[in-house]
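Quick notes on the structure that follows.
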Amino acid sequence: MASSDERRRAKRARTHLSSYRASRRAHTLHPDPDWRDWANDLSAGPAGLIAERVLSNDVADYVRFRAVCRAWRASSPEPREHDVFDCRFHPRRWIMVPRVSGVGNRRSFLNLSTGECIHVRLRGLRHRHYLFGSTSEGLVVLCRKDTLVVELVNPLTGQRADLPRATSLLFPSTTSTSTSTSMAHKIDDGFRVRSAGLAGDSTVALHYGSAAIAVAKPGDECWTQLGPVENFKSAMSFAGRFYCVTFKNILVLETAMAANRPPELVVALDFKRGFLWSDLVHLVDKEGELILVHCVDYPTRDYFDGWYSAYRVNLEKRNMVPMPRLGRHTLFMGMDRSLLSMMSERVSPSVMANIVYVCYKYDKRTGRSKVVAIDPEDGCSEPKFPRGDIGGYLSRCVCS
């Protein structure tokens with residue numbers, strides 16, 4: 001029988017052998033002598049600073065950063081500890097690409113700057129929710145099929161907020177909490193949210209139907225109806241405020257009203273000359289600058305003709321200054337929505353800068369759209385985006 005000294009010597013030998021094997025394994029995996037185990041060596045202070053920089057650039061990269069290890073997660077804020085209205089976590093550069101067919105929980109999201117495409121699982125989408133659409137901030141608007149409660153979801157962080165039931169959207173006089181199959185059928189077949197966005201103070205604005213606007217925030221009993229808006233053109237959210245464009249002016253949604261006064265749309269800027277009903281007029285966010293784009297398209301049987309003009313909008317001075325062109329940017333424009341992108345030719349050689357692509361006649365069966373490219377120098381043409389090209393995805397987004 002082995003003595004206690006022999007057992008101690010055997011234990012030390014096993015310990016030295018394990019340390020030797022671990023060092024050999026680490027040397028084999030990382031032969032570079034300058035290699036550092038950043039997941040364990042980076043202290044909380046530098047990791048927190050890096051997390052702030054990553055989050056300021058892109059929330060998707062922030063989610064990846066937090067997924068590296070427990071120490072990095074501990075040194076950076078947990079998004080779900082903050083509400084969905086926290087603008088730090090909004091996926092502004094990401095848009096949801098419509099599905100060609102099928103109804104699953106997974107959706108594709110496209111980065112407007114890099115062309116990167118990621119797949120995100122939206123919990124309960126397939127069986128328990130209607131998909132109303134997305135907001136200007138990249139958030140997703142859902143509606144529960146069982147209760148018709150509207151939900152605002154951050155698809156990348158999972159943050160959620162409950163909003164009033166959709167019954168007050170379908171039937172403004174309805175205050176009952178009952179759910180009927182006829183209401184759900186109407187949402188499924190005929191109800192369409194054309195655009196949505198935040199309007200400050202945790203308020204959400206929806207543009208639905210032809211020219212209806214509804215406003216609500218978490219805790220409200222029902223949606224507040226605004227409209228229908230006369231001579232309505234388009235709507236979007238910019239810098240935490242919700243704007244509507246009409247034939248004659250730009251309206252802003254005012255939510256911080258006096259006590260017992262509901263939100264209302266007020267004139268922010270009057271146009272010197274109005275637009276025609278057939279013109280496309282959209283507000284877009286150009287790197288933090290509010291831009292209005294006016295597009296006129298004359299499609300004929302044999303050719304296309306048209307032009308566009310762009311203006312810098314100054315809401316403080318209540319005027320617009322003409323811009324010569326869009327520069328490095330490309331605009332995809334539909335009837336209800338527009339997307340401003342800035343991608344290099346390495347991402348998509350088919351999408352050119354300084355061009356407005358007018359998209360219409362989206363075919364859900366084939367996933368293709370009718371597109372007209374308006375070039376301020378070379379006139380109009382009808383581009384053909386290859387299957388899987390970024391241009392095809394963007395045209396589907398603004399036409400669906």
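- When the side chains of ILVMFWY residues are joined at heavy-atom separations under 4.5 Å, either directly or via intervening members, Leu169 and Val229 end up in two distinct hydrophobic clusters.
- Side-chain atoms of Asp86 and Asp83, non-hydrogen and from C-beta on, do get closer than 4.5 Å to each other.
- Leu148 contributes atom CG, which lies 7.0 Å from atom OH of Tyr130 (distance to the nearest 0.5 angstrom).
- Counting only residues at least two apart or in different chains, salt bridge (charged side-chain N to carboxylate O under 4.0 Å, His left out) contacts with residues 62-72 comprise Asp61-Arg64, Arg64-Glu116, Arg66-Glu78.
- Met320 and Met236 fall within a single hydrophobic cluster, where Ile, Leu, Val, Met, Phe, Trp and Tyr are joined by side-chain heavy atoms under 4.5 Å apart, directly or via other members.
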Before giving the answer on side chain to side chain contact (heavy atoms under 4.5 Å, CB included), spell out for His129 and Arg123 the whole-Å C-alpha distance, their side-chain angles and the decisive distance to 0.1 Å.
CA-CA 9 Å; His129 291 88; Arg123 177 167 51 89; over 6 Å; no
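- Leu280 places a side-chain heavy atom less than 4.5 Å from the side chain of Met335.
- Across all non-hydrogen atoms, the minimal contact from Arg337 to Ile95 is NH2-CG2, 4.0 Å.
- Note on Phe232: it does not cluster hydrophobically with Val252, by side-chain heavy-atom contacts below 4.5 Å among ILVMFWY residues.
- For His282, there are no ring pair (Phe, Tyr, Trp, His ring centres under 6.0 Å) partners at least two apart in sequence or on another chain.
- Remark: the backbone N or O of Lys248 is not paired with any side-chain donor or acceptor of Asn231 at under 3.5 angstrom.
- Listed by first then second residue, pairs satisfying salt bridge (charged side-chain N to carboxylate O under 4.0 Å, His left out) with a partner in residues 236-245 read Arg241-Glu254, not counting sequence neighbours.
- Counting heavy atoms from C-beta outward, Pro155 and Arg107 have side chains that stay 4.5 Å or more apart.
- Every residue meeting the ring pair (Phe, Tyr, Trp, His ring centres under 6.0 Å) condition with Tyr357, not counting sequence neighbours, appears here in chain and number order: Phe332, Phe385.
- The cluster map of Ile, Leu, Val, Met, Phe, Trp and Tyr, joined by side-chain heavy atoms under 4.5 Å apart, puts Val59 and Ile50 in the same cluster.
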Between Ile291 and Leu340, does a side chain to side chain contact (heavy atoms under 4.5 Å, CB included) hold up when you go through it step by step?
CA-CA 10 Å; Ile291 303 297; Leu340 192 67; over 6 Å; no
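- Here Ser195 pairs with His207, Ala235 under the side-chain contact (heavy atoms from CB on, under 4.5 Å) rule; sequence neighbours left out.
- Closest approach of Leu142 and Val140 over heavy atoms only: CD2-CG1, 3.7 Å.
- Listed by chain and number, the residues in a ring pair (Phe, Tyr, Trp, His ring centres under 6.0 Å) with Phe275 are Phe271, His294 (sequence neighbours excluded).
- Listed by first and then second residue, the salt bridge (charged side-chain N to carboxylate O under 4.0 Å, His left out) pairs that reach into residues 311-320 are Glu289-Arg312, sequence neighbours excluded.
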Applying side chain to side chain contact (heavy atoms under 4.5 Å, CB included) to Leu326 and Leu331, what does each step give before you reach the verdict?
CA-CA 8 Å; Leu326 295 176; Leu331 182 66; 3.9 Å; yes
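- Note that OG of Ser210 and CZ of Arg194 are 7.0 Å apart. Values are rounded to the nearest 0.5 Å.
- Interatomic distance, OG of Ser56 versus CZ of Arg88, reported as 11.5 Å (0.5 Å rounding).
- Not counting sequence neighbours, Phe238 has no partner by the ring pair (Phe, Tyr, Trp, His ring centres under 6.0 Å) test.
- Applying the salt bridge (charged side-chain N to carboxylate O under 4.0 Å, His left out) criterion to Arg128, with sequence neighbours excluded, gives no partner residue.
- Taking OH of Tyr243 as the start and CG of Leu251 as the end, the distance is 11.5 Å to the nearest 0.5 Å.
- Shown here for Pro263 and Leu226, the closest heavy-atom pair between the two residues is O-CD2, 3.1 Å.
- Val97 is linked by a side-chain contact (heavy atoms from CB on, under 4.5 Å) to Ser108, Leu110, Tyr393, Arg396, Cys397, counting only residues two or more places apart in sequence or in another chain.
- In terms of modelled atom types and a separation under 3.5 Å, the side chain of Glu137 and the main chain of Phe85 share no donor-acceptor contact.
- No side-chain heavy atom of Leu122 sits less than 4.5 Å from a side-chain heavy atom of Asn105.
- Between the side chain of His90 and the main chain of Asn154, no donor-acceptor pair closer than 3.5 Å is present.
- A 4.5 Å side-chain heavy-atom check between Thr135 and Ser237 finds every atom pair outside the cut-off.
- Among residue pairs with one or both ends in residues 222-240, none qualify as salt bridge (charged side-chain N to carboxylate O under 4.0 Å, His left out); sequence neighbours excluded.
- Considering only residues two or more places apart in sequence or on other chains, Arg160 meets the salt bridge (charged side-chain N to carboxylate O under 4.0 Å, His left out) condition with Glu151.
- Across Leu163 and Ala216, no two heavy atoms sit closer than the pair CD2-O, 4.3 Å.
- Formation of a donor-acceptor pair under 3.5 Å by the Arg165 side chain with backbone atoms of Cys222 is not found in this model.
- In the hydrophobic clustering of this structure, Phe242 does not group with Leu206; members are Ile, Leu, Val, Met, Phe, Trp, Tyr whose side-chain heavy atoms approach within less than 4.5 Å, directly or through other members.
- Two residues are said to be in side-chain contact when any heavy atoms from C-beta on lie closer than 4.5 Å; Pro91 and Leu139 meet this criterion.
- In this structure, the side chains of Asn354 and Pro376 come closer than 4.5 Å at one or more pairs of heavy atoms.
- Side-chain atoms of Val150 and Pro164, non-hydrogen and from C-beta on, never get closer than 4.5 Å to each other.
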Give the C-alpha distance, both sets of side-chain angles, the deciding distance and a yes or no for side chain to side chain contact (heavy atoms under 4.5 Å, CB included) between Ser341 and Val351.
CA-CA 9 Å; Ser341 173; Val351 178; 5.7 Å; no
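- Scanning both residues, Ser234 and Val281, for their nearest heavy atoms gives OG-O, 2.7 Å.
- Interatomic distance, Leu283 CG to Ser338 OG, rounded to the nearest 0.5 Å: 8.0 Å.
- The closest donor-acceptor contact from the side chain of Asp220 to the backbone of Lys217 lies under 3.5 Å.
- Here Leu394 contributes atom CG and Leu112 contributes atom CG; the two are 6.5 Å apart, rounded to the nearest 0.5 Å.
- Closest approach of Tyr308 and Ile374 over heavy atoms only: CE2-O, 3.7 Å.
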